[in-house]
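Only one structure is covered here, and it is reproduced in the block below.
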Amino acid sequence: RRQWWLWSSAISVTLLLALGIASFAIPALLAGSSPLYGFLLSDAARGLLGLVLIFNIYVVYEQNQIHRIRREFSDSLYKMAVVDPVTEMFNRRYIMHRLEEEVARCKRYGSPLTVIAMDLDRFKRINDEYGHAVGDYVLKIFGDQLKRATRGSDIVARFGGDEFLAILPDCDKQQIQYVLDRLNGLHAKTTQSKIDIRYSAGWTDYIPGESVDDLLKRADELLYVNKRNPKGPF
């Protein structure tokens with residue numbers, strides 16, 4: 001509405017000023033007025049044209065402001081749609097969409113695909129003992145390290161709660177172990193104490209022909225097997 005008002009006002013003012021100039025000039029031309037009158041009319045016309053120019057500059061400035069607001073609003077909508085506000089990672093909606101794309105690519109080209117499901121150990125205890133602000137801080141530390149541990153071609157996200165998901169296309173077991181090793185030894189420092197951040201993980205490769213749900217289900221099953229086994233590889 002603001003943009004429509006600006007352009008409508010610019011056109012209306014331009015037309016009105018043009019009519020104003022014409023209302024002065026046409027009678028004078030028809031009556032054959034003196035040179036002095038023509039000189040004054042010329043000054044008046046230049047002044048009106050200057051007003052039109054100033055107003056149009058203002059309209060262009062307002063248009064730029066509107067485009068900036070639209071850009072910022074679009075960026076905000078994008079972040080709300082695909083970015084988790086706590087960890088500033090991708091959220092579940094985005095990574096599910098990307099996982100479907102990667103599975104489709106595997107079906108088309110037969111390329112390997114690995115999924116790692118992770119969740120934090122004793123996270124509820126951290127929230128209960130230290131509060132949700134510290135819990136969010138722990139999630140962010142783990143998420144930041146997960147982003148640093150993976151490659152640019154990998155996709156990582158907070159899957160929900162204290163759960164995280166990583167998609168690793170064309171990845172071998174050495175790279176998987178590298179990612180998991182870099183997530184060990186994390187801790188969060190508070191004013192009162194230092195909190196060790198521990199996690200459990202389960203990873204699996206895509207089996208040709210299976211669905212996305214089946215792939216995630218197998219990763220979750222392996223995650224909880226390792227969670228129940230404190231001496232597991234993760």
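Basis for what follows: all heavy atoms, side chains included, without hydrogens, waters or symmetry-related copies. It should be emphasised that the depicted structure is a prediction, and the values quoted were computed from it without experimental measurement.
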Looking only at heavy atoms, what is the nearest atom pair of Pro169 and Arg151, with distance?
O-NH2, 2.7 Å

4.5 Å side-chain heavy-atom contact, Ser200 and Asp119
yes

Closest non-hydrogen atoms of Ala149 and Tyr178, given as atom of the first, atom of the second and distance, are O-CE2, 3.7 Å

CZ/Arg93: more than 12 non-hydrogen atoms of other groups inside 6.0 Å:
no

So, for Tyr199 and Leu180, which heavy atoms are closest and what is the spacing to 0.1 Å?
OH-O, 2.7 Å

What residue among Asp213, Asp205, Thr204 forms side chain to side chain donor-acceptor pair (under 3.5 Å) with Arg218?
Thr204

Answer yes or no: is there a side-chain heavy-atom contact under 4.5 Å between Asp84 and Phe90?
no

Regarding Tyr224 and Arg228, is there a side-chain donor-to-acceptor distance under 3.5 Å anywhere?
no

Let's go through Glu102 and Arg98 carefully: what are the C-alpha distance in whole Å and the side-chain angles of both, what is the deciding distance for salt bridge (charged side-chain N to carboxylate O under 4.0 Å, His left out) to 0.1 Å, and is it a yes or a no?
CA-CA 6 Å; Glu102 291 299 327; Arg98 289 299 307 272; 3.6 Å; yes

Answer yes or no: is there a donor N or O on one side and an acceptor on the other, between the side chain of Glu210 and the main chain of Ile207, under 3.5 Å?
yes

Passes side-chain hydrogen bond (donor to acceptor under 3.5 Å, both in side chains), Ser193 versus Tyr130? Steps please.
CA-CA 10 Å; Ser193 60; Tyr130 298 97; 3.3 Å; yes

Report yes if some heavy atom in the side chain of Gln177 is under 4.5 Å from a heavy atom in the side chain of Lys173; otherwise report no.
no

Side chains of Phe164 and Leu146: does their closest heavy-atom pair fall under 4.5 Å?
yes

So Leu186 and Phe142, do their side chains get closer than 4.5 Å, heavy atoms only?
yes

In the structure I gave you, are the side-chain heavy atoms of Asp121 and Lys227 within less than 4.5 Å of one another anywhere?
yes

Roughly how far apart are Ile155 CD1 and Thr150 OG1, rounded to 0.5 Å?
9.5 Å

If you group Ile, Leu, Val, Met, Phe, Trp and Tyr by side-chain heavy-atom gaps below 4.5 Å, do Phe123 and Ile195 land in one group?
yes

For Gly135 against Ile126, the heavy-atom pair lying closest together:
CA-CG2, 4.4 Å

What pair of heavy atoms forms the shortest contact from Glu88 to Lys147, and how long is it?
O-NZ, 3.5 Å

Under the side-chain contact (heavy atoms from CB on, under 4.5 Å) rule, what do Val83 and Asn91 come out as? Steps first, then yes or no, please.
CA-CA 5 Å; Val83 176; Asn91 59 18; 5.9 Å; no

Do side-chain atoms of Arg182 reach the backbone of Gln145 as a donor and acceptor pair under 3.5 angstrom?
no

Closest non-hydrogen contact found for Met89 with Val156 is CE-CG2, 3.7 Å

Could you state the interatomic distance from SG (Cys171) to CG (Leu113), rounded to the nearest 0.5 Å?
9.5 Å

Flag yes if more than 12 heavy atoms outside Arg125 fall under 6.0 Å of its CZ atom; otherwise flag no.
no

Less than 4.5 Å apart, side chain to side chain, heavy atoms only: is that true for Leu216 and Met96?
yes

Would you say the side chain of Ile116 lies within less than 4.5 Å of the side chain of Leu165, judging by non-hydrogen atoms?
no

Does a side chain donor of either Arg158 or Thr87 reach within less than 3.5 Å of an acceptor in the other side chain?
no

Might you confirm whether atom NZ of Lys107 has over 12 heavy atoms from other residues, nucleotides or ligands at distances under 6.0 Å?
yes

With distance as the sole test, does Asn226 use its side chain to make a donor-acceptor pair with the main-chain N or O of Ala201 at under 3.5 Å?
yes

